[in-house]
Amino acid sequence: MSAQTYTGEVTVGGPADVRELPGLTIRKLAVSEMANNAYLLTDTGTGPGTGQSVLVDAAAEPAALLALIAGADLRAVVTTHGHWDHHRALPEVVAATGAETIAHPADAGDLPVPVTRTVEHGDTVAVGDQTLEVVHLRGHTPGSIALVWRGPEGAGTHVFTGDSLFPGGVGSTQQDAARFTSLIDDVEARLFDVLPDDTWVYPGHGNDTTLGAERPHLGEWRARGW
């Protein structure tokens with residue numbers, strides 16, 4: 001399946017949607033009654049890391065996730081934040097694959113397995129020879145992170161935002177004004193101010209979007225307070 005046929009529209013119980021980009025393949029699968037998105041990223045370049053993979057959010061349904069990663073050389077599972085619905089399958093996936101577990105230290109204690117590597121804002125996570133940049137987005141949870149992949153020419157920029165950014169707004173901050181301000185400030189400064197409009201956004205639930213589609217609404221989000 002090519003980049004042109006990828007839509008990012010997946011349903012629980014349905015197949016993964018696959019996006020093949022220069023150097024990286026992205027597989028998106030919806031799982032659980034919360035319709036969580038899990039993303040399997042695989043290096044498809046020609047270097048020594050070819051075939052190595054990282055899973056973003058072992059959310060639920062371990063059998064479905066293990067089927068998704070069957071045959072992949074899974075090196076790590078990155079958990080975008082500590083909410084229960086994003087890591088329920090982590091124990092089974094780690095037990096089956098031996099993958100490293102990665103999260104921000106502020107949320108690491110909420111995970112059901114020990115975190116073998118903590119990451120801070122500005123750190124990187126390798127997917128074979130590809131690089132994901134860690135962006136700390138404070139507000140939905142204290143340790144929420146996004147992962148940015150800047151592909152080679154023609155591949156574009158791609159960001160996996162967990163529950164910090166969706167089509168139509170930032171993630172829930174439970175009507176806490178300070179948390180909302182923190183989150184929208186971080187999302188604006190660390191994503192919208194530094195990444196191009198054609199940056200593709202892969203959220204923790206639901207359909208994808210782009211920064212360009214959401215940028216005109218930042219003022220509206222601030223005004224409504226959620």
S.K.: Stepwise, does the side-chain contact (heavy atoms from CB on, under 4.5 Å) test hold for Phe180 with Gln174?
M.R.: CA-CA 8 Å; Phe180 170 76; Gln174 297 176 307; over 6 Å; no
S.K.: Over all heavy atoms of both residues, which pair between Ala146 and Val159 is shortest? Give the atoms and the distance, please.
M.R.: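 Closest heavy-atom pair between Ala146 and Val159: CB-CG2, 3.9 Å.
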S.K.: Hey, are Thr80 and Asp57 close enough side-chain-wise for a donor-acceptor pair under 3.5 Å?
M.R.: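 Side-chain D/A pair, Asp57 to Thr80: present.
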S.K.: Hey, quick one: are Leu218 and Val201 part of the same hydrophobic cluster, counting side-chain heavy atoms closer than 4.5 Å, chains of contacts allowed?
M.R.: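 Yes, because Leu218 and Val201 connect within a single hydrophobic cluster, where side-chain heavy atoms sit under 4.5 Å apart.
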S.K.: State the CD-CZ distance between Glu214 and Phe166, to the nearest 0.5 angstrom.
M.R.: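 Atom-to-atom, Glu214:CD and Phe166:CZ are 11.5 Å apart.
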S.K.: Any luck finding a side-chain donor-acceptor pair between Glu220 and His217 under 3.5 Å?
M.R.: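 Their side chains do contain a donor-acceptor pair, which is all the 3.5 Å distance test asks for.
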S.K.: When you look at Arg19 and His158, which way does the side-chain contact (heavy atoms from CB on, under 4.5 Å) test go after all the steps?
M.R.: CA-CA 11 Å; Arg19 187 170 203 176; His158 303 259; 3.9 Å; yes
S.K.: Would Arg222 and Glu188 pass as an ion pair if we require N to O under 4.0 Å?
M.R.: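 Counted as a salt bridge, because a side-chain N and a carboxylate O are separated by less than 4.0 Å.
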S.K.: Check the pair Leu21, Tyr6 against side-chain contact (heavy atoms from CB on, under 4.5 Å), reporting the backbone distance first and the verdict last.
M.R.: CA-CA 11 Å; Leu21 297 162; Tyr6 174 85; over 6 Å; no
S.K.: Considering only heavy atoms from C-beta outward, does the side chain of Phe160 approach that of Asn37 to under 4.5 Å?
M.R.: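 With C-beta onward as the side chain, the pair stays apart.
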S.K.: Restricting to non-hydrogen atoms, name the atom on Val93 and the atom on Leu74 that form the minimum distance, rounded to 0.1 Å.
M.R.: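 Closest approach of Val93 to Leu74: CG1-CD2, 4.0 Å.
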S.K.: Are Leu195 and Leu137 linked, directly or through intermediate hydrophobic residues, by side-chain heavy-atom contacts shorter than 4.5 Å (ILVMFWY only)?
M.R.: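 Yes; tracing contacts between hydrophobic side chains, which count when under 4.5 Å, links both residues.
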S.K.: Which distance, rounded to the nearest 0.5 Å, do you find between the CG of Leu65 and the CG of Asn36?
M.R.: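 Output value for this atom pair is 10.0 Å.
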S.K.: Any idea which heavy atoms bring Ala16 and Leu68 closest together, and the distance?
M.R.: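 So the minimum-distance heavy-atom pair works out to CB-CD1, 3.8 Å.
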S.K.: Starting at CD1 of Ile102, measure out to CG of Leu55 and round the result to the nearest 0.5 Å.
M.R.: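 Reported value, rounded in 0.5 Å steps: 11.0 Å.
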S.K.: Just so I know, are the side chains of Thr157 and Pro196 near enough to count as touching, which here means a heavy-atom distance under 4.5 Å?
M.R.: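 When only atoms from C-beta onward are counted, Pro196 and Thr157 do touch, with a gap below 4.5 Å.
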S.K.: Search all heavy atoms of Ala96 against all heavy atoms of Leu66 and return the closest pair with its distance.
M.R.: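 Minimum heavy-atom separation between Ala96 and Leu66: CB-CD2, 3.7 Å.
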S.K.: With heavy-atom distances below 4.5 Å as the criterion, would you say the side chains of Thr210 and Arg215 are in contact?
M.R.: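 No; the side chains remain at least 4.5 Å from each other.
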S.K.: Nearest heavy-atom pair of Gly139 and Thr173: which atoms, and what distance?
M.R.: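 That closest heavy-atom pairing would be O-CG2, 3.7 Å.
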S.K.: Determine whether a donor-acceptor pair (N or O, by modelled atom type, separation under 3.5 Å) exists between the side chain of His136 and the backbone of Pro142.
M.R.: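 Side chain of His136 to backbone of Pro142, a donor-acceptor pair under 3.5 Å: yes, one is there.
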S.K.: Would you say Val135 and Leu183 are hydrophobically clustered, going by side-chain heavy atoms of ILVMFWY under 4.5 Å?
M.R.: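 Yes, Val135 and Leu183 fall within the same hydrophobic cluster.
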S.K.: Does either side chain, that of Glu120 or that of His104, offer a donor lying less than 3.5 Å from an acceptor on the other one?
M.R.: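 Yes, side-chain donor-acceptor contact under 3.5 Å.
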S.K.: Could you give the distance from OG1 (Thr118) to CG (Asp107), rounded to the nearest 0.5 Å?
M.R.: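 Here the interatomic distance stands at 12.0 Å.
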S.K.: Does atom CH2 of Trp221 have more than 12 heavy-atom neighbours from other groups under 6.0 Å away?
M.R.: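 Result for CH2/Trp221: enclosed.
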S.K.: Which class fits the ring pair His140 and His83: parallel under 30°, tilted 30 to 60°, perpendicular over 60°?
M.R.: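 Rings of His140 and His83: perpendicular, as their planes differ by over 60°.
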S.K.: Would Thr25 and Glu20 count as having a side-chain donor-acceptor pair, cut-off 3.5 Å?
M.R.: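 The criterion, which ignores hydrogens and geometry beyond distance, is not satisfied for Glu20 and Thr25.
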S.K.: Counting C-beta onward and ignoring hydrogens, is there a side-chain heavy-atom pair between Thr101 and Leu111 closer than 4.5 Å?
M.R.: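 Not in contact.
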S.K.: Checking side-chain contact (heavy atoms from CB on, under 4.5 Å) for the pair Ile26/Leu40: CA distance, chi angles, key distance, verdict?
M.R.: CA-CA 6 Å; Ile26 300 168; Leu40 181 68; over 6 Å; no
S.K.: Is there a path of hydrophobic side-chain contacts, each under 4.5 Å between heavy atoms, that joins Val10 and Leu29?
M.R.: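 Val10 does not cluster with Leu29.
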S.K.: So, Asp17 and Arg27, do they make that salt bridge, N to O below 4.0 Å?
M.R.: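 No, this pair does not count.
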S.K.: What salt bridge (Lys or Arg N to Asp or Glu O under 4.0 Å) pairs are there with at least one residue in residues 148-157, not counting sequence neighbours?
M.R.: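 For residues 148-157: Glu133-Arg150.
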S.K.: Do Val56 and Val134 belong to the same hydrophobic cluster, where Ile, Leu, Val, Met, Phe, Trp and Tyr are linked whenever their side-chain heavy atoms lie under 4.5 Å apart, directly or via other members?
M.R.: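 Shared cluster, yes.
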S.K.: Can you tell which of Tyr202, Trp149, Trp200 makes a ring pair (Phe, Tyr, Trp, His ring centres under 6.0 Å) with Tyr39?
M.R.: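 Result: among Tyr202, Trp149, Trp200, Tyr202 is the only option passing the ring pair (Phe, Tyr, Trp, His ring centres under 6.0 Å) with Tyr39.
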S.K.: Looking at Arg88 and Glu33, is any side-chain nitrogen of the basic one under 4.0 Å from a carboxylate oxygen of the acidic one?
M.R.: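 Counted as a salt bridge, because a side-chain N and a carboxylate O are separated by less than 4.0 Å.
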S.K.: Does Asp185 come within less than 4.0 Å of Arg138, counting only side-chain N to carboxylate O?
M.R.: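 No salt bridge links Asp185 with Arg138.
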S.K.: What distance do Thr209 atom OG1 and Leu211 atom CG have between them, rounded to the nearest 0.5 Å?
M.R.: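 It comes to 8.0 Å.
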S.K.: Tell me, with the steps shown, if Ser53 and Asp73 meet side-chain hydrogen bond (donor to acceptor under 3.5 Å, both in side chains).
M.R.: CA-CA 6 Å; Ser53 299; Asp73 181 7; over 6 Å; no
S.K.: Is the ring pair His81/His86 parallel, tilted or perpendicular, if the boundaries are 30 and 60 degrees?
M.R.: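 Correct class here is tilted.
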S.K.: Is it the case that the side chains of Ser144 and Thr141 hold a donor-acceptor pair, with the cut-off being a distance below 3.5 Å and no angle test?
M.R.: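 Result is yes, a qualifying pair exists.
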S.K.: Calculate, to the nearest 0.5 Å, the distance between atoms CZ and OG belonging to Arg190 and Ser164 respectively.
M.R.: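 Here the interatomic distance stands at 11.0 Å.
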S.K.: Would a 4.5 Å heavy-atom cut-off, applied to side chains only, mark Ser32 and Asp85 as touching?
M.R.: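 Heavy-atom side-chain distance check fails, nothing below 4.5 Å.
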S.K.: May I ask you to test the Gln130-Gln52 pair for a side-chain heavy-atom distance under 4.5 Å?
M.R.: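 Side chain of Gln130 against side chain of Gln52, heavy atoms only: no contact under 4.5 Å found.
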